[in-house]
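This report concerns only the one structure given below.
To find a chain, count down the sequence lines: A is the first, B the second, and so on, and within it residues start at 1.
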Amino acid sequence: MFPKSFHIKPILGLLPYIIGIVALGLIPPLTGSTYLAYLVGLAIVLAIFAMGFNLLFGYTGLLSFGHAAYFGAGCYAFAMLMKYYHIQSFELLFLGSVIIATLTAAVIGYVCVRYIKIYFSLLTLAFGQVEYALVVKLYNITGGTDGIRVMMPTLLGFTFKDKGFFVTWPFYYYILAIFTICVIVLWIILNSHFGKILQAIRDNDVRVNFLGVSERRYKWYAFILSGVFCGVAGALFAPLNGHIGPEHVYWGFSATPLFIALIGGHRVFLGPIIGSFIYVLVRHYVTAFTIYWELFFGAIVILFTLLFPYGVCGGISLWLARRMKSAKTSL
Amino acid sequence: MGTYKHWREVKFLSEEKKEVSRRKFLATSIGTLVVGAVAGYAGGYATAPGKVVEKVVEKPVEKVVYKPPPKRPVPKEPIKLAYRDHLSGALAVRGEWTKRAMELLVEETNKEGGILGREISLTFHDEAIPVEECVADFRRLGLEAKVDVIIGTTSSGVALAQAPVADEIKTIYIIPHAASYKVVMEPHKYVFRTNGHTGAVPIAMALYVLKKMPDVKRVAHIDMDYAWGRDNWNVFIATLKKYKPDVEVVAEVWEKVGEVDHSTAITKVLAAKPDIVFNSHWGGQLVSLVRQAIEYKFFEYTTFVCTVIEEAFPEIGPDFPEGQLGAPWTFYWEYPGYRWNLNRWFVKKFIEKYGVPPNYPCMQCAAAFFAYKTAVEKAYEVLGEYPTKEQIAETLAGLAYAHPGGMNRIRREDHQALAPPTVGVTKIDPKWNMAVLHDFEVISAELVYPPPFTEPLEWIKTW
Amino acid sequence: MFEAYPAYILNGLLYASLLFLLSSGLNVVLGVLKILNLAHGSFYVLGAYLTTSFVALFVATGLPIYLVYTQILVAAAVAGIIGFLFEPTLLRPIYKREESYQLLLTFGILLVLSDVTKIVWGLGAKVAPEPFKLLGSFTIGGIPFPYYNLLVIAVGFVVFLMLWFFFAKTRTGKIIRATATNREVTTSLGVNVPRIFTLVFVFGCFLGGLAGALAVPMQSIFPGLAMEMLILSFVIVVIGGMGSLEGAFIGSIIVGIARSFGIVYFPEIELAILFIIMIIVLLVRPQGLFGRRE
Amino acid sequence: MASSKDEISKNILVTRNLKKYFGEVHAVDGVNLSILEGEVAFIIGPNGAGKTTFLNLLCKWLEPDEGKIFFMGKDVTKMPPYKLTKMGIGRSFQLVNLYDTLTVFDNIRVAVISRLGRSGKIFSLVDRDKEVAKETEEILKTFGLSDKKDLLASELPHGDRKLLDVAIPFALKPKLLLLDEPTSGVSTEEKDPVMKTIVSAVKAAGTTALIIEHDMSIVFSYSDRVIAMHEGKILADGKPKEVQENKLVKTLIMGE
């Protein structure tokens with residue numbers, strides 16, 4: 001009853017990925033527009049976040065409702081380390097944020113992986129909301145609903161004054177570099193022995209125990225890995241956006257990676273990446289022109305779940321597979 | 001209409017900062033003659049907008065004969081004004097009102113030739129989207145749509161996020177509503193706030209309570225459990241305790257934003273038998289709190305002290321209990337006894353168009369709108385050519401201007417408008433079939449605004 | 001201090017009754033259709049908004065004021081009918097699909113409905129005070145307590161009894177429970193399962209609308225409450241046990257009383273108290289108080 | 001009959017007074033059984049005799065209420081399923097549930113990865129692992145699934161799905177293989193070839209096997225030993241011939 005899975009052998013090898021990264025790299029020189037650089041940067045950050053989320057959802061079959069908690073942990077770690085410990089170097093802050101986000105994911109994950117299906121989702125939701133309540137309540141540390149302002153960190157020791165320049169050039173390429181590394185690392189993980197076991201867990205988690213693999217421990221490893229990617233996304237997002245607040249921990253924000261994964265195609269490696277770009281661009285121009293953006297977005301979600309359940313990339317892969325007949329293909 | 005007491009000392013608009021002792025203010029009943037000065041000065045200075053302004057400005061102010069520079073032509077294309085507010089979600093309650101106010105202001109001003117003959121094109125943008133979308137949209141307005149001025153923002157979190165971006169995109173950003181004192185704790189070249197903040201209005205409220213009920217002892221409070229509610233309460237109780245150390249806090253309730261069931265909160269507060277109950281709720285949450293409190297006969301047992309009381313007037317209508325203390329946060333549409341042209345003009349037009357008097361979010365919009373309009377006109381006078389964004393920003397810093405809600409002086413250091421808060425007591429007005437504030441007082445800005453960049457609680461300690 | 005205890009307990013029961021009514025709709029749909037309807041909060045909001053319009057219209061007609069309570073049921077019924085628009089068209093095609101698709105589809109409905117209410121009823125807060133004001137209040141332990149609240153507590157209890165009786169004793173109730181346990185077998189017995197599903201979904205929306213209709217006279221309704229109400233119904237359904245009505249009823253009472261005394265003695269806790277209870281239950285008894293282990 | 005210490009060490013599997021209740025139903029009611037290395041034993045008995053429950057207890061799908069299980073001389077009663085599998089017990093499922101969205105090749109490969117203890121390797125591309133690929137190809141060949149290796153498990157005909165369901169635990173090279181009705185749902189003429197493939201593979205690898213089967217002709221043609229169960233107890237246990245003649249077995253199971 002479910003669509004054909006996708007043999008991981010990409011159609012044209014690594015070509016589409018290289019073209020994509022190069023194209024993104026050309027945006028600042030060609031357009032020079034701070035605004036577009038900011039938008040693409042945001043899309044990349046959300047792509048990393050969605051890739052981390054999809055490692056659990058699309059590849060291990062675990063639907064988490066509280067993933068904003070780990071993204072938010074990354075953001076707040078970055079902001080608070082900068083504010084209270086006066087660390088300026090991005091690299092140090094980045095490391096600290098990723099570690100703290102991963103620890104949060106590890107602790108919450110350890111408890112949540114004991115449960116299956118809807119219990120797992122609701123437990124992650126509950127933990128996410130407790131973190132949200134903490135962030136709002138400890139308002140003399142976290143600034144509560146006013147949030148915390150994030151200054152410009154130093155990149156590789158260089159300090160910058162003009163935020164416009166910072167976003168368009170140095171930090172843009174920094175994000176692009178980290179994004180490329182994340183894509184490569186995730187691609188290797190998903191095609192590794194561990195990745196194959198995760199996909200087995202997705203299809204039939206109980207039977208995996210009878211292969212000699214502890215289903216619970218491997219789900220936990222997947223949860224921690226997902227936390228790493230969320231931490232990376234959170235750490236990149238804080239300086240890019242310049243300000244973080246409790247809405248980045250609220251469960252409403254946890255729906256974003258689910259949107260992105262399902263629009264892009266959660267059973268395809270490229271799905272969350274393409275989905276994120278579509279999401280950011282569509283969302284952005286819709287909110288600019290109408291106050292009824294929720295109606296527009298609700299309609300898109302209903303359309304995709306009914307007509308394109310495999311998402312954009314899933315649909316394209318299926319179409320290509322049918323036309324190529326022989327090899328099972330995938331983007 | 002209630003009696004209106006004259007204030008004895010003219011405090012306002014004197015440039016040098018004379019240290020005013022609060023004790024003297026309380027001992028000699030009502031302090032500064034603010035509204036009177038405002039009315040007198042404003043009346044002469046700027047009546048209806050547009051045509052009258054030119055006449056007044058030409059009259060040379062100083063003794064030295066001042067010959068204005070030759071006027072270069074004003075650019076033709078319209079001034080792009082972007083207004084941003086919560087037009088969806090829980091805060092949309094105000095969106096509806098502020099949208100009306102802005103449409104009216106722009107429409108009327110355009111009828112009279114806009115600003116210096118340039119027509120204003122107004123666009124609306126929703127801020128009830130995740131903050132990073134808000135910030136991205138804010139950038140788009142500045143960089144891509146190249147708007148002249150952005151007025152708006154209700155939530156302090158969003159204002160704090162967008163303030164640094166305004167300097168980045170070099171676009172004037174006037175904040176009419178977001179009221180956290182933190183918004184102006186850091187200097188921003190292009191950011192201005194034209195209404196009172198959480199460090200000032202609760203002090204005014206406390207001073208008014210001390211004056212109205214000198215023997216208050218038992219105090220309770222119900223507040224929203226986020227920065228807004230916390231700041232309001234902490235500043236209010238600190239001021240109260242400064243003057244009456246024996247004041248006792250008998251019951252505390254922190255409600256989550258969006259809470260709809262207040263029955264337990266009301267019961268807890270009533271059980272503690274307080275003299276007054278402080279509250280800083282607003283929007284739908286205030287409406288449901290007052291609605292439930294009425295049925296719990298809350299107002300027969302204690303008195304309500306609410307910093308944003310006017311928000312509930314239209315929805316509750318004639319049921320609103322009389323004799324409750326409150327503030328419309330900073331500006332009120334009706335100054336009994338003293339009405340000046342701008343106030344009369346705006347209220348008349350508003351009632352003509354919508355059949356309802358403008359509530360405080362509308363007055364806050366008007367305060368922001370006239371700040372920009374006056375700054376542009378003044379800069380044009382001085383420069384003789386249409387001012388650039390940077391020049392308008394410099395004019396705005398330190399600008400003293402009149403607007404339908406009163407008189408504002410934007411402080412040069414932190415661009416915070418020293419808008420004197422108004423406080424009063426509720427009374428049902430048969431004309432509007434809803435509650436209004438009467439027995440009115442305007443509390444001088446020097447008494448309530450902390451000096452630039454200082455925490456209000458620290459400032460209160462220094463009294 | 002103790003003379004206020006009866007008032008706190010009554011307030012606790014009031015909140016419990018609202019919670020039960022709110023979550024019963026979600027519970028019924030979850031129990032039978034195995035769908036977690038994320039749009040359930042929107043039907044609470046719809047019920048409330050419809051009540052404000054109907055009560056205003058009714059008051060204008062000048063009919064004897066005591067009939068205004070009929071408007072609450074009318075509003076809830078209309079909310080149910082609106083539910084009818086969504087089930088056959090959008091939900092039926094995806095019953096066989098993976099669980100995440102059902103969640104996402106109902107999330108889409110939540111977004112659409114939240115804007116529809118904004119277009120129809122505008123952005124301001126709406127109230128329907130007449131039913132609340134009419135009954136006045138009495139004092140208990142020196143603290144006033146409105147009669148209307150007693151009415152809401154009573155309705156909560158009555159609805160629980162009716163639901164329990166319907167599912168335990170009546171024929172259709174048993175058929176619906178059979179469909180819930182095993183769709184294929186019930187279909188083979190000649191039961192028109194799709195029609196049962198539509199009926200159950202509409203009934204769930206009706207219950208959600210009823211909660212909103214009953215609550216709005218005491219409170220007010222403004223945009224953005226759909227998500228808040230959804231989370232509240234989640235908490236109760238989890239504590240009580242998926243699809244278990246007794247669980248939701250007992251769970252609502254526990255949460256209602258706990259919140260009431262929580263506010264009195266630990267004012268800081270109000271924001272997180274629901275989620276802490278939810279986590280404790282999920283850790284100790286994941287299937288909830290009365291649920292069955294899958 | 002109390003089994004002595006040496007009996008535990010000699011036999012690959014020993015159960016002592018194993019019990020499992022579902023409410024008042026005594027699915028498994030005190031079973032004492034010893035299985036020798038390399039034996040292919042069949043379990044027969046009417047539906048509800050407790051055969052599947054017994055199997056589920058051995059591989060710890062279900063926790064026993066009473067009694068002990070010894071595997072290769074060690075007490076494994078309290079051991080979680082994945083540890084037990086690592087020690088060498090593999091099992092298939094009566095209701096086939098495979099990794100439906102993975103290819104046939106991957107279904108086997110997952111088992112091989114786990115057997116070689118490489119499931120934890122994160123930074124090594126599994127497609128490049130020659131050893132895993134070779135071993136998977138072997139298993140596919142022994143079970144005659146090589147030509148269908150790129151199909152998805154969900155696309156296989158029922159017979160092949162059954163074979164794949166047995167091939168997966170077999171790929172773990174277990175010491176003891178538990179098979180729950182490997183030929184159920186397979187058409188009668190196909191039943192024999194399927195069982196022949198399974199038993200020959202098991203015999204070739206020298207694996208001990210415990211197979212639940214209803215078709216008596218298959219049972220008596222392939223088994224070294226037959227165990228008859230009835231209402232949670234062992235009715236008869238021995239050579240196929242002996243069990244076939246046993247009066248009790250005849251009346252209660254054969255229904256003659």
Side-chain angles (χ1 to χ4, degrees), chain A residues 1-10 55 58-61 181 184-222 224-225 228 266-268 310 314 321 325-330, chain D residues 56 59-61 80-93 95-103 105-129 131-132 136 149-155 165 168-169 171-174 178:
Chain A
M1 65 72 184
F2 203 76
K4 300 185 178 37
S5 168
F6 305 104
H7 206 49
I8 295 298
K9 190 153 51 46
L55 170 64
Y59 286 89
T60 324
I181 297 167
I184 295 167
V185 164
L186 187 66
W187 197 83
I188 293 172
I189 291 175
L190 290 180
N191 293 304
S192 73
H193 299 72
F194 176 75
K196 204 50 87 181
I197 298 284
L198 288 190
Q199 286 167 48
I201 291 177
R202 170 189 63 201
D203 285 355
N204 188 339
D205 52 6
V206 178
R207 178 156 198 163
V208 161
N209 283 312
F210 298 97
L211 292 178
V213 165
S214 158
E215 160 217 354
R216 193 168 296 175
R217 195 173 331 126
Y218 274 71
K219 279 187 183 175
W220 188 40
Y221 294 155
I224 295 172
L225 268 175
V228 171
H266 65 291
R267 281 296 174 83
V268 178
Y310 322 127
K325 281 290 171 301
S326 59
K328 288 270 178 317
T329 55
S330 135
Chain D
N56 289 342
C59 67
K60 299 308 295 299
W61 171 284
Y82 73 90
K83 278 210 180 88
L84 207 52
T85 314
K86 265 208 165 39
M87 279 179 66
I89 292 187
R91 66 153 299 162
S92 77
F93 291 84
L95 297 171
V96 171
N97 51 15
L98 303 167
Y99 304 108
D100 286 337
T101 63
L102 296 183
T103 59
F105 185 77
D106 274 343
N107 268 268
I108 304 286
R109 186 159 60 165
V110 168
V112 171
I113 291 171
S114 166
R115 189 183 74 77
L116 296 173
R118 297 184 183 169
S119 32
K121 285 158 71 70
I122 291 184
F123 294 109
S124 66
L125 293 180
V126 70
D127 292 340
R128 291 223 176 83
D129 190 327
E131 201 186 338
V132 163
T136 312
K149 72 180 171 81
D150 281 335
L151 284 177
L152 296 184
S154 49
E155 291 165 347
D165 192 71
I168 292 175
L172 294 169
K173 290 195 169 27
L178 309 173

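Taking the side chain as every heavy atom from C-beta outward, D:Asp106 and A:Gln199 never approach each other to under 4.5 Å.
Note: A:Asn191 CG to D:Ser124 OG = 10.5 Å, rounded to the nearest 0.5 Å. Annotation: the span from D:Ile113 atom CD1 to A:Ser192 atom OG amounts to 8.0 Å, rounded to 0.5 Å. To the nearest 0.5 Å, the span separating CG on A:Asn209 from NZ on D:Lys83 amounts to 11.5 Å.
For the residue pair A:Phe210 and D:Cys59, the shortest heavy atom distance occurs at CE2-O, 3.5 Å.
In terms of non-hydrogen atom pairs under 4.5 Å with chain A, the most contact-rich of D:Gly120, D:Ser119, D:Pro169 is D:Ser119. Heavy-atom pairs under 4.5 Å with chain A peak, among D:Asn107, D:Leu172, D:Asn97, at D:Asn97. Listed options A:Val213, A:Asp203, A:Val206 were ranked by heavy-atom pairs under 4.5 angstrom with chain D; first place goes to A:Asp203. Of the listed residues D:Phe93, D:Phe123, D:Tyr99, the one with more heavy-atom pairs under 4.5 angstrom with chain A than any other is D:Tyr99. Of all the listed residues (D:Val126, D:Val132, D:Leu84), the one sharing the greatest number of non-hydrogen pairs under 4.5 Å with chain A is D:Val126.
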- Query: Would A:His193 and D:Leu116 satisfy side chain to side chain contact (heavy atoms under 4.5 Å, CB included), going step by step from the backbone distance to the final call?
  - Reply: CA-CA 11 Å; A:His193 299 72; D:Leu116 296 173; over 6 Å; no
- Query: Hey, mind stepping through D:Ile122 and A:Leu225 against side chain to side chain contact (heavy atoms under 4.5 Å, CB included) and telling me if it holds?
  - Reply: CA-CA 11 Å; D:Ile122 291 184; A:Leu225 268 175; 4.3 Å; yes
- Message: Does D:Ile168 form a side chain to side chain contact (heavy atoms under 4.5 Å, CB included) with A:Arg207? I'd like the steps, not just the answer.
- Response: CA-CA 10 Å; D:Ile168 292 175; A:Arg207 178 156 198 163; 3.9 Å; yes
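With a threshold of 4.5 angstrom between heavy atoms, D:Leu98 approaches chain A through its backbone and through its side chain. For A:Arg216, no part lies under 4.5 angstrom from a heavy atom of chain D. No part of A:Leu198 comes within reach of chain D, as not one of its non-hydrogen atoms sits under 4.5 angstrom from that chain. For D:Leu125, the parts lying under 4.5 angstrom from a heavy atom of chain A are both the backbone and the side chain. Both the backbone and the side chain of A:Val208 come within contact range of chain D, with heavy atoms under 4.5 Å apart. Only the side chain of A:Tyr218 comes within contact range of chain D, judged by heavy atoms closer than 4.5 Å.
For the pair D:Lys86 (side chain) and A:Gly212 (backbone), a donor-acceptor distance under 3.5 Å is present.
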